[in-house]
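Shown next, in structure tokens, is the structure this report addresses.
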Amino acid sequence: MRTAWIRLMCVVLSAVAVALLLLAPPQRARADTVRRSDPTIGSIQLLSQSYWISPAGVFDAHVKVATNAPLDSMYLEAMIFPHLYSRSALGLSFQNIEPSPPALYTQVPISPSGQASLSVQVSGSTTPQYLKNDTRHLVTLNCLTSCEGVYPVQFSLVAKETGAVVAQLTTQMLVVNRATFPLRFSWVLPLQASVTVTAQGVARLPQDELNKLAQLIGAIAAMPQSARPELAIDPATLAALDSSGPDGSRIISTLADWAETTKRVVVQPFAELDPLSLERAGLLPVWNTAVSLGEHLDAELLHVGSPTVWVAEGAIDAKGLADLPASVRYLVIPPADLVPVPSTLTPDHTFDVIVEHRHFQAMAGDPILESLLNQEGLTSDLAVHWLLAELCQTYLESPNSPTTRGIVLLIPPGSRFTTSFLQQFGTGLAASPVIKTVSLVHFFAQTVSSGSRAIESSQAEKIPRLYLPMLSKVARSV
């Protein structure tokens, strides 16, 4: 059980976190770039689809349409567009904007229950084939020379009388050969819950929060081991689990087994504190204590050794980095902490961060992947395939490159995608012939460093941030 000083520091750090939250400036709202159809007229829902297919394979997609108008007054059309050449073009396809005419057009029969199925046979040919008004379930897409690529697949529900599009949905067909040198991928999933404090000052989790955590951990445990995420376990949640009876103890035991077998646990500071704000207020030692307390709780309850990877939750400067535990050698930095330098390529190599006497190997989370998970109205089914399409397009920027490349996804805290998303995303990752999911430790060990160094650069009124003059390559603004 925790000692008295741990309990006291938990209360103090929680109070500091609340105070800083109240003083923090409001975050800029994200622009919503997803085009929506009027839900009172019609909608299209993705039920399932193929994750990956090989050239000459068959792609299957199943959707369900709904409309307030009679179903026989509508028809469903499907268009498959030529494969894309950049993540920028892929971003436009998410908005139902395609850079070129469709390579294939067909009408898909709708069942009385509103369901429809499309099957696409991919075939290499020297002559592209254009199909008009074909109502078969199976259609053929002929491609030139190499069939590999990300092909946007756009479904449109159309009113027969007026020709008006009343609903649209865009997904992607991923056609790839098995890679000899796959793209390395790591993803970090925050594990946290809403903590309550009793009149005696003991932190606990309500039963509904315990149930949610148990379901989430069960979904992660059910994933193929090769696709599992890195868990960033909130120490305040961990401390509350320790005081939440048998259910809490069972969850801690499961997490301890996870930490021992997978080594995919990231140490976090106790309480969500902003080290930059604390430094301005002359209170940086409070953050250092939060880091030490988080490390202590993980060691005591999960039997985790000294951390080698640090995942920064927010802005952090040279002083905060220099005061990290001595065992930390690798950094994962939120994309907002980097000053972007426009480029057509994705940052897929690690870089060096040198502050005072410390030398770190670092990687930034991918901003485009993170932004997808913040899109309002995006279902978990569609989000899975959009993420896989982004990963596939990133791989295709330099396919089968012998120089080991990698990319990191930081799942936003409080993400609305839970068990269903995790199960499908894990299945898609495990089945990928071009993406290899690895732990963060293996990610840094296997991914080639660019040799670039991060330096500090003052940006207007902002605290100096890490600036990568050659490496912050983003394919599009988010």
Side-chain angles (χ1 to χ4, degrees), residues 34 37 39 42-67 71 74-81 83 90 93-94 96 104 106-122 135-141 149-157 167-176 187 215 218-220 222-224 226-227 369 372-373 375 377-393 415-435 437:
V34 177
S37 301
S43 64
I44 306 174
Q45 176 190 359
L46 179 66
L47 299 179
S48 65
Q49 72 166 74
S50 304
Y51 289 105
W52 310 85
I53 65 169
S54 61
V58 176
F59 169 83
D60 295 302
H62 308 282
V63 300
K64 184 172 184 178
V65 303
T67 174
L71 202 56
M74 302 284 171
Y75 67 87
L76 182 67
E77 66 178 20
M79 290 184 287
I80 294 130
F81 293 84
H83 66 77
L90 180 57
S93 80
F94 293 151
N96 300 317
L104 185 149
T106 184
Q107 289 187 18
V108 184
I110 305 173
S111 73
S113 64
Q115 295 193 26
S117 298
L118 171 69
S119 296
V120 181
Q121 170 73 60
V122 178
T135 58
R136 292 176 299 164
H137 283 199
L138 177 64
V139 295
T140 301
L141 175 69
V150 175
Y151 295 78
V153 180
Q154 186 180 99
F155 292 94
S156 299
L157 187 62
Q168 279 188 317
L169 179 145
T170 297
T171 186
Q172 293 78 32
M173 179 173 69
L174 310 182
V175 183
V176 287
W187 55 305
Q215 291 175 0
I220 297 170
M223 281 183 187
S226 61
L369 296 179
L372 285 181
L373 294 178
Q375 293 282 14
L378 185 63
T379 65
S380 61
D381 300 307
L382 197 56
V384 165
H385 295 285
W386 281 16
L387 284 173
L388 293 177
E390 286 283 3
L391 291 174
C392 184
Q393 191 65 53
S415 173
R416 62 189 182 279
F417 301 122
T418 54
T419 55
S420 175
F421 167 79
L422 292 173
Q423 291 167 351
Q424 294 182 69
F425 191 46
T427 300
L429 288 173
S432 176
V434 297
I435 308 298
T437 306

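All figures in this text were calculated on a predicted structure; none of them were measured in a lab.
Between Leu76 and Val63, the closest side-chain pair of non-hydrogen atoms falls below 4.5 Å. At a threshold of 4.5 Å between non-hydrogen side-chain atoms, the residues Leu169 and Val153 do not count as touching. Looking at Tyr151 and Val120, their side chains never come closer than 4.5 Å, going by heavy atoms from C-beta outward. Under the 4.5 Å side-chain criterion, counting only non-hydrogen atoms from C-beta, Leu373 is in contact with Leu387. Contact check for Leu46 versus Phe155: no side-chain heavy atoms found under the 4.5 Å cut-off. For the pair Ile435/Trp52, a side-chain contact is recorded, criterion being any heavy-atom separation below 4.5 Å from C-beta on. When side chains are defined from C-beta on, Leu174 does not count as touching Val434, because their heavy atoms never get closer than 4.5 Å. With contacts defined as side-chain heavy-atom distances shorter than 4.5 Å, the pair Val175/Pro55 qualifies.
Taking the ring pair (Phe, Tyr, Trp, His ring centres under 6.0 Å) definition, one finds that Phe59 meets it with nothing, sequence neighbours left out. Applying the side chain to side chain contact (heavy atoms under 4.5 Å, CB included) rule to Gln121 yields the partners Val58, Leu138, Thr140; only residues at least two apart in sequence or on another chain are considered. Residues satisfying the side chain to side chain contact (heavy atoms under 4.5 Å, CB included) test with Leu71, not counting sequence neighbours, are Val65, Thr67, Ile110.
To the nearest 0.5 angstrom, Leu90 atom CG is 6.0 Å from Gln393 atom CD. A distance of 8.5 Å separates CD1 in Ile53 from CG in Asp60, rounded to the nearest 0.5 Å. Distance check, rounded to the nearest 0.5 Å: CD of Glu77 to CG of Leu157 gives 9.5 Å. For the atom pair NE2 (His62) and OG (Ser50), the distance works out to 7.0 Å, reported to the nearest 0.5 Å. In this structure, Ile44 CD1 and Gln154 CD are separated by 9.0 Å, a value rounded to the nearest 0.5 Å.
In this structure, Thr419 and Ala219 approach most closely via the heavy-atom pair CG2-CB, 3.8 Å. Nearest heavy-atom pair, Ala78 versus Leu118, reported as atom, atom and distance to 0.1 Å: CB-CD2, 3.9 Å. Taking both residues in full, the closest heavy atoms of Gln168 and Ser156 are given as NE2-OG, 3.1 Å, listed atom of the first, atom of the second, then distance. The two residues Ser93 and Pro152 come nearest to each other via the heavy atoms CB-CG, 4.0 Å. Annotation for Cys392 and Val176: closest pair SG-CG1, 3.7 Å, computed over non-hydrogen atoms. Across all their heavy atoms, Pro109 and Ala116 have their closest contact at O-CB, 3.4 Å.
The main-chain N or O of Thr170 is found under 3.5 Å from a side-chain atom of Trp386 such that the two form a donor-acceptor pair. At least one donor-acceptor pair closer than 3.5 Å links the side chain of Gln49 to the backbone N or O of Gln172.
Relative orientation of the Trp187 and Phe425 rings is perpendicular, given thresholds of 30° and 60° on the angle between their planes.
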Inset, instruction - Walk me through it: do Thr379 and Gln45 pass the test side chain to side chain donor-acceptor pair (under 3.5 Å)? - result: CA-CA 9 Å; Thr379 65; Gln45 176 190 359; over 6 Å; no
Inset, instruction - For side chain to side chain contact (heavy atoms under 4.5 Å, CB included), just list the numbers for Val122 and Met173, CA-CA rounded to whole Å, side-chain angles, deciding distance to a tenth of an Å, and then say yes or no. - result: CA-CA 10 Å; Val122 178; Met173 179 173 69; 4.1 Å; yes
Inset, instruction - Dump the intermediate steps for side chain to side chain donor-acceptor pair (under 3.5 Å) on Ser420 and Gln424, then the final yes or no. - result: CA-CA 6 Å; Ser420 175; Gln424 294 182 69; 3.1 Å; yes
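Between Val384 and the choices Asp381, Leu388, Leu382, the side chain to side chain contact (heavy atoms under 4.5 Å, CB included) rule is met once, by Leu388.
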